[in-house]
Amino acid sequence: MHMLNANDFDLALSFSSGQPLGFYADYRVGKGKEFLSYVTSKGIFRLQCYGSGARKKIDYEFEGGYSEMEARKEVRKRLGLDDDLKSVYKAISTDAFMKEAVSALRGLRITQNEPWETTLCFVVSQVNNMKRIRFTIKNIIERFGAYDAGIGARLFPTPHDVAKASLADLRRCGTGFRASYIKSAATAFAEGFDADAVHGMNYRSAKTEFMRLDGVGDKVADCILLFAYKKLDAFPIDVWIKRTLEHVYFSGHRKGIMALHEFAERRWDGYAGYAQQYIFQHARANKIAKKEVQLKRMFS
DNA sequence: ACCCAGGCGGGCG
DNA sequence: CGCCCGCATGGG
């Protein structure tokens, strides 16, 4: 068992706020500890989180193709432990709404996941809900991941594993109309799409590169850049973000996606991705702007 | 019976 | 560019 210090890290929030980790990891609470386990394409990690504030600790163990140093780096990176939250909070606490969100969600971090895992998760996420996204991703792991007898579990399926699946088999995982997008993205990753090269690109170029994949548009591309490449200027705009920005900053007036991108870039320069995650989670937790939408619909 | 869910691609003007 | 539609599927 190895140990890490994890100041200002809230595992439950980071896990449950719609990030890839929350789509394929297992999480539970007990005995004053939180437990998290997740598979990668190379192995498995099991974590225990305990303590609070500046004395927060994480014990972890791993199996699979990782050296001690690689495993430690994997956990720190995966959980976002090296992010300087003080700087983040300073940059995104631009108004009363953001201060309230930060105050309510202190310790929520942006996780960093593998590009292929993240792509699969967010292609599956489109016009879908959290519960079914988790259901579908777990089905895909169970059905297509290679069984590792040493570990006693299925690893996260590689692009090749998924590319060779039939559309019908993908459908059986609950993917619905996204099956062809998934197969197409898996094929691209398996046949030379250079996911590693994207690390060295700026946000704009990286986004253009990912949007060439069938089934990856503006929103999914931003999710991949944020949650796999940690490009903090990425700002995924889903229905919640759109409604909430319109509600909080534009008196409820409707705005186009591009206008909202420009707004976020100006307002949270360099940290828009973090702002987005706090807006998303805070809006959902409090159903902000949702009742208003329903009322409008009733009287229109 | 309807609406909604971390959208996207294609067609139209 | 903008808007509108269909795309599976389960849950309120």
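Chain letters run A, B, ... following the sequence lines, proteins first and then strands; every chain starts at 1. None of the values given here were measured: they were computed from a predicted structure.
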> With sequence neighbours left out, which residue pairs that include part of residues 11-22 of chain A fulfil the side chain to side chain donor-acceptor pair (under 3.5 Å) condition?
Replying inline: A:S17-A:Q19, A:S17-A:Q277, A:Q19-A:T111
>> Show me the pairs that pass side chain to side chain donor-acceptor pair (under 3.5 Å) and involve residues 179-197 of chain A, at least two apart or across chains.
In response: none
Answer with yes or no whether the side chains of [Y] and [X] bring together a donor and an acceptor at under 3.5 Å.
X	Y	value
A:N139	A:T136	no
A:W116	A:T158	no
A:E246	A:H253	no

> Just to confirm, is there a sub-4.0 Å distance from OP1 or OP2 of B:dC4 to any side-chain nitrogen or oxygen of A:R243?
Replying inline: no
Sugar-phosphate only, base, or nothing, as touched by [X] at under 4.0 Å among non-hydrogen atoms:
X	value
A:S17	base
A:Q281	nothing
A:G215	sugar-phosphate

> Considering only heavy atoms, which members of residues 97-124 of chain A lie under 4.0 Å from some atom of DNA chain C?
Replying inline: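 When residues 97-124 of chain A is checked for heavy atoms under 4.0 Å from DNA chain C, there are no hits whatsoever.
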>> As a check on the pairing definition, encode DNA chain B in dot-bracket form, counting Watson-Crick and G-U wobble pairs whose two distances are under 3.5 Å, and using | for partners outside this strand.
In response: .||||.|||||||
Whole-Å gap separating [atom2] ([N]) and [atom1] ([X]):
X	N	atom1	atom2	answer
A:D238	B:dC8	CG	C1'	14 Å
A:D214	B:dC8	CG	C1'	9 Å
A:I237	B:dG6	CD1	P	16 Å
A:K242	B:dA5	NZ	P	12 Å
A:W240	B:dG7	CH2	P	11 Å
A:F235	B:dG7	CZ	C1'	16 Å
A:K219	B:dG9	NZ	C1'	17 Å
A:D218	C:dC3	CG	C1'	16 Å

Kindly say whether the aromatic ring centers of [X] and [Y] come within a distance under 6.0 Å.
X	Y	value
A:F144	A:F156	no
A:F122	A:F23	yes
A:F62	A:H2	yes

Contact list (N/O, under 3.5 angstrom) for nucleotides 6-10 of chain C vs protein:
| unit_1 | atom_1 | unit_2 | atom_2 | d |
| --- | --- | --- | --- | --- |
| C:dA8 | OP1 | A:R171 | NH2 | 3.0 |
| C:dA8 | O4' | A:F177 | N | 3.2 |

Determine the interatomic distance between [atom1] on [N] and the same-named atom on [M]; round to the nearest Å.
N	M	atom1	answer
C:dC5	B:dC3	P	13 Å
B:dG6	C:dC4	P	23 Å
B:dG10	C:dA8	P	15 Å

> Any donor-acceptor pair under 3.5 Å linking the side chain of A:K231 with the backbone of A:H199?
Replying inline: yes
> Does A:M211 or A:R284 map to a spot on DNA chain B nearer the 5' end, using the closest nucleotide for each?
Replying inline: A:R284
> Of A:Q276 and A:L213, whose closest DNA chain B nucleotide lies nearer the 5' terminus?
Replying inline: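 This one resolves to A:Q276.
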> Any ion pair linking A:E34 and A:R28 (charged N to carboxylate O, less than 4.0 Å)?
Replying inline: no
> Atom CG in A:D8, atom CG in A:D83: separation rounded to 0.5 Å?
Replying inline: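 Taking CG in A:D8 and CG in A:D83, the distance rounds to 12.0 Å.
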>> According to side chain to side chain donor-acceptor pair (under 3.5 Å), who are the partners of A:S103, at least two apart in sequence or on a separate chain?
In response: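 So A:S103 forms no side chain to side chain donor-acceptor pair (under 3.5 Å) with any residue.
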